[in-house]
Amino acid sequence: MSIIGIVAHDAGGSEVLSHWVSQNIDQANFKYLLDGPAINIFKKNLKREFFLNQKNIEPFIEECDSFICATSWKSDLEKKIIKEAAKKKKRVASVLDHWINYRERFLLNGDIYLPNEIWVCDKYALDIASRSFPDMKLKLIKNPYLESLKKRIKSVKRKSNKIKNRRVLYVCEPIAEHSQIQYGDQNFLGYDENSAIRYFFENINLLNIDFDKILIRPHPSESVDKYKWVKGEFRNFDISIEAESELLEEIVNSEIVVGCESMAMVVALEVNKRVFTSIPPNGRECVLPHKSIK
């Protein structure tokens with residue numbers, strides 16, 4: 001049986017790819033090259049320990065017959081695999097987990113390194129990818145992460161009936177860091193995570209709902225301490241900052257979900273929650289293609 005190398009760093013792609021592996025674990029032999037948030041995500045979803053094999057990727061390239069990679073904006077790990085695998089004439093498939101910055105996900109030191117094929121998880125991504133890569137082989141798959149969540153929604157909802165607090169869930173992203181890496185300007189989009197949070201609190205009355213508590217959830221690549229300033233600046237609200245609890249449970253237990261362009265907002269749509277973007281008026285419009293996001 002051939003050996004497929006699984007490569008991932010960022011959280012979004014790791015969720016999609018780890019769930020895909022769990023659904024196909026009996027169909028192939030897998031080896032893993034993981035770093036960053038991917039290590040804990042694969043550990044959680046596949047119930048086993050994972051470690052970055054080594055910084056020298058050449059042995060990993062030699063061991064595997066083909067590769068399936070996530071895509072990252074914060075790491076070059078997957079891009080290096082694409083580049084080196086091409087030298088060995090080994091096939092690579094890359095999974096796109098979002099709807100923005102497609103070409104940038106394959107940019108390494110100023111050069112574009114493309115895989116043999118790209119997997120996308122919905123019709124929106126397929127349309128964007130076909131325009132971004134007109135000559136690329138594209139494969140449309142069901143999003144294994146969302147499919148897994150759908151199977152768990154009923155059981156999570158049963159547990160959530162015990163939750164009486166009416167909560168607002170705010171999901172965060174490292175926007176300034178992303179903009180700095182990609183554009184050399186933390187405010188390139190016209191806003192960052194902090195200005196979006198302030199805009200949310202200053203206009204929360206526009207949601208026109210009664211709520212008891214606001215839960216701030218950092219992105220998996222962020223620390224809880226990053227958002228402690230929110231509790232100090234907006235003392236009139238009951239605010240908690242939580243990163244350890246399961247995302248799906250937090251979504252189910254909340255009245256509405258607010259963020260900028262987070263994948264968690266798309267998950268919330270699957271749970272039939274009301275979802276709002278908190279991008280300030282002077283910021284780039286939300287690029288999530290889902291019309292249900294207000």
Side-chain angles (χ1 to χ4, degrees), residues 10-12 36-37 40 74 156-157 159-181 185-288 290 292-294:
D10 284 11
N40 287 332
K74 195 172 183 179
V156 173
K157 281 185 175 179
K159 290 172 59 178
S160 75
N161 289 335
K162 302 176 183 179
I163 305 294
K164 296 182 180 180
N165 286 343
R166 292 166 295 183
R167 300 190 299 182
V168 175
L169 173 62
Y170 191 101
V171 290
C172 301
E173 300 166 77
I175 298 164
E177 182 183 4
H178 191 177
S179 296
Q180 180 65 41
I181 292 173
D185 178 2
Q186 292 188 2
N187 200 48
F188 181 86
L189 301 181
Y191 71 99
D192 62 14
E193 54 267 47
N194 293 341
S195 62
I197 289 174
R198 289 189 174 97
Y199 180 70
F200 160 70
F201 276 98
E202 290 164 1
N203 294 277
I204 196 170
N205 62 301
L206 298 178
L207 295 177
N208 198 27
I209 64 165
D210 293 326
F211 60 91
D212 301 310
K213 188 173 185 177
I214 298 171
L215 175 62
I216 305 290
R217 186 179 180 92
H219 187 270
S221 65
E222 298 175 312
S223 71
V224 173
D225 292 342
K226 177 177 176 178
Y227 295 101
K228 281 186 175 180
W229 65 267
V230 180
K231 299 178 74 171
E233 190 165 323
F234 298 98
R235 297 177 182 274
N236 293 334
F237 297 93
D238 183 0
I239 300 170
S240 64
I241 304 171
E242 176 62 60
E244 297 300 323
S245 56
E246 186 186 6
L247 174 62
L248 183 60
E249 290 184 4
E250 296 298 354
I251 290 173
V252 169
N253 293 334
S254 300
E255 289 285 312
I256 67 169
V257 177
V258 184
C260 292
E261 298 175 339
S262 170
M263 179 65 183
M265 297 160 66
V266 179
V267 174
L269 293 178
E270 294 289 338
V271 191
N272 295 317
K273 294 294 180 178
R274 295 169 62 200
V275 181
F276 294 82
T277 179
S278 63
I279 296 176
N282 58 327
R284 179 185 72 179
E285 288 188 16
C286 178
V287 298
L288 296 178
H290 306 77
S292 298
I293 297 175
K294 306 299 183 183

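Separating the CG atom in N187 from the CD atom in Q180 is a distance of 11.0 Å, to the nearest 0.5 Å. The distance from atom CG of N194 to atom CD of E233, rounded to the nearest 0.5 Å, is 8.5 Å. In this structure, H178 NE2 and H219 NE2 are separated by 10.0 Å, a value rounded to the nearest 0.5 Å. Separation of atoms CG (L207) and CG (D210) is listed at 11.5 Å; rounding is to 0.5 Å. For the atom pair CD (E242) and CG (L215), the distance works out to 6.5 Å, reported to the nearest 0.5 Å.
Checked by atom type, the side-chain pair E250/S245 shows a donor-acceptor distance below 3.5 Å. No side-chain donor from either of S292 and H290 sits under 3.5 Å from a side-chain acceptor of the other.
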> Between D238 and I214, is a side chain to side chain contact (heavy atoms under 4.5 Å, CB included) present by the stated rule, with each step listed?
Replying inline: CA-CA 6 Å; D238 183 0; I214 298 171; over 6 Å; no
>> Using the rule given for side chain to side chain contact (heavy atoms under 4.5 Å, CB included), can you reason through K273 versus V267, listing the C-alpha separation, both sets of side-chain angles and the distance that settles it, and then say yes or no?
In response: CA-CA 9 Å; K273 294 294 180 178; V267 174; over 6 Å; no
>> Apply side chain to side chain contact (heavy atoms under 4.5 Å, CB included) to residues I239 and F201 and explain how you reach the verdict.
In response: CA-CA 11 Å; I239 300 170; F201 276 98; 3.6 Å; yes
> Can E193 and K226 be said to form a salt bridge (Lys or Arg N to Asp or Glu O under 4.0 Å), step by step?
Replying inline: CA-CA 11 Å; E193 54 267 47; K226 177 177 176 178; 2.6 Å; yes
>> For a side chain to side chain contact (heavy atoms under 4.5 Å, CB included) check, start with the C-alpha distance between V258 and L169, then their side-chain angles and the critical distance, and finish with the verdict.
In response: CA-CA 6 Å; V258 184; L169 173 62; over 6 Å; no
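For the pair Y191 and P280, the tightest heavy-atom approach, listed with the atom from each and the gap, is CB-CD, 3.7 Å. Between V275 and A268 the shortest heavy-atom distance is CG2-CB, 3.6 Å. Here the closest heavy-atom approach between residue C260 and residue I175 is recorded as SG-CD1, 3.7 Å.
In this structure a side-chain-to-backbone donor-acceptor pair under 3.5 Å is missing from E202 to I204. D192 contributes a side-chain N or O that, together with a main-chain N or O of S195, makes up a donor-acceptor pair within less than 3.5 Å. Judged by distance alone, with hydrogens and angles left aside, the side-chain atoms of E173 form a donor-acceptor pair with the main-chain N or O of S262 at under 3.5 Å.
T277 is not listed as a side-chain neighbour of E261, based on a closest heavy-atom distance of 4.5 Å or more. Within the 4.5 Å cutoff, the side chain of Y227 has no heavy atoms near those of the Y170 side chain. Between I256 and F276 there is a side-chain heavy-atom pair separated by less than 4.5 Å. At least one side-chain heavy atom of V230 sits less than 4.5 Å from a side-chain heavy atom of I197. Side-chain atoms of K213 and S240, non-hydrogen and from C-beta on, do get closer than 4.5 Å to each other. Contact check for M265 versus V171: side-chain heavy atoms found under the 4.5 Å cut-off. Side chains of L247 and R217 form a contact here, defined as non-hydrogen atoms less than 4.5 Å apart. Residues C172 and E222 have side chains in contact (heavy-atom distance under 4.5 Å, counting atoms from C-beta outward).
Ring planes of F234 and W229: tilted class, angle from 30 to 60°.
Within 6.0 Å of CD in E285 there are 12 or fewer heavy atoms belonging to other residues, nucleotides or ligands.
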